[in-house]
Amino acid sequence: ANTKTDKNDCLLKICELLENKIDYYNWVGFYFRNGKKEELILGPYVGEPTDHTIIPFGKGICGQVAVSNKNFVVPDVAAQDNYIACSITVKAEIVVPIFVNGENIGQIDIDSNTPDPFTEEDERFLEFVCSKVAEIL
Ligand code: SME
């Protein structure tokens, strides 16, 4: 069986690969539901350290995706009022939920320093990544 360490190594490698290969992916990380609590907890990530290691459901882009179960593409973070800023360099964000047995158990979160960089191709690609991640959790 996969241990927690194996899984986290694998998730970190995915973050590194995405951040390295796609130039407008500047912070890449995973948040997961914290047991039965209505909050997200930060998992493996690459990029600047963030203070936001715990995010309540409903708060920020991530917290909204925990509730909506839908992708959230933000072309301009400055235009969002329910947004948690992690770095002043960030211009845009995409969050895609991870489903295991139909349940939203977490998400991939990507910040970009480029304005409005994310397309439907990113959404389809990240949905695929999340479906693969779901298989190893
Ligand atoms: N911007 C996110 C918070 C997480 S950081 O991007 C790492 C949000 O509004 O939920």
Side-chain angles (χ1 to χ4, degrees):
N2 284 336
T3 66
K4 188 151 190 261
T5 315
D6 290 336
K7 290 175 191 172
N8 282 342
D9 284 352
C10 190
L11 293 174
L12 183 61
K13 285 210 177 73
I14 293 168
C15 294
E16 288 168 348
L17 197 62
L18 292 174
E19 195 270 339
N20 284 331
K21 296 288 179 188
I22 303 173
D23 58 6
Y24 56 94
Y25 289 8
N26 302 114
W27 189 98
V28 179
F30 290 96
Y31 282 93
F32 291 102
R33 183 173 188 158
N34 191 6
K36 294 247 177 281
K37 291 188 194 167
E38 297 216 325
E39 66 184 25
L40 297 164
I41 189 158
L42 180 61
Y45 70 94
V46 292
E48 272 184 63
T50 172
D51 290 336
H52 305 287
T53 54
I54 292 183
I55 298 178
F57 276 27
K59 244 202 115 204
I61 308 305
C62 296
Q64 291 178 79
V65 169
V67 174
S68 73
N69 308 319
K70 290 195 166 65
N71 298 348
F72 199 155
V73 180
V74 181
D76 174 11
V77 295
Q80 291 290 318
D81 24 73
N82 190 0
Y83 170 71
I84 303 166
C86 287
S87 160
I88 52 157
T89 61
V90 174
K91 298 282 192 291
E93 178 164 2
I94 184 170
V95 178
V96 174
I98 301 167
F99 298 100
V100 173
N101 299 325
E103 192 189 341
N104 181 351
I105 58 93
Q107 51 192 240
I108 193 165
D109 176 21
I110 299 176
D111 287 337
S112 182
N113 300 336
T114 304
D116 195 9
F118 301 116
T119 65
E120 283 186 20
E121 199 183 342
D122 293 284
E123 289 193 72
R124 300 294 90 77
F125 170 61
L126 293 169
E127 285 164 359
F128 172 76
V129 171
C130 286
S131 73
K132 288 295 173 191
V133 164
E135 291 175 17
I136 64 141
L137 292 175

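Whatever order the structure lists ligands and atoms in, that order sets their numbers, starting from 1.
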Would you say the side chains of N26 and D111 form a donor-acceptor pair under 3.5 Å?
no

Looking just at side-chain N and O atoms, do N8 and T5 make a donor-acceptor pair shorter than 3.5 Å?
no

Which pairs of nitrogen or oxygen atoms, taken one from ligand 1 and one from the protein, are under 3.5 angstrom apart?
residue  : atom   : partner : partner atom : Å
ligand 1 : 1 (N)  : I84     : O            : 2.8
ligand 1 : 1 (N)  : E93     : OE1          : 2.8
ligand 1 : 1 (N)  : E93     : OE2          : 3.3
ligand 1 : 6 (O)  : D109    : OD2          : 3.3
ligand 1 : 6 (O)  : D111    : OD1          : 3.3
ligand 1 : 6 (O)  : D111    : OD2          : 2.9
ligand 1 : 9 (O)  : I61     : N            : 2.9
ligand 1 : 9 (O)  : I84     : N            : 2.9
ligand 1 : 10 (O) : I61     : N            : 2.9
ligand 1 : 10 (O) : C62     : N            : 2.8

Among residues at least two apart in sequence or on other chains, which ones pass salt bridge (Lys or Arg N to Asp or Glu O under 4.0 Å) with K70?
none

For E135, which residues count as a salt bridge (Lys or Arg N to Asp or Glu O under 4.0 Å) partner, sequence neighbours excluded?
K132

Got a salt bridge between R124 and E121, using NZ or NE/NH1/NH2 to carboxylate O under 4.0 Å?
no

So, using side-chain hydrogen bond (donor to acceptor under 3.5 Å, both in side chains) as the criterion, who are the partners of E16 when residues are at least two apart?
none

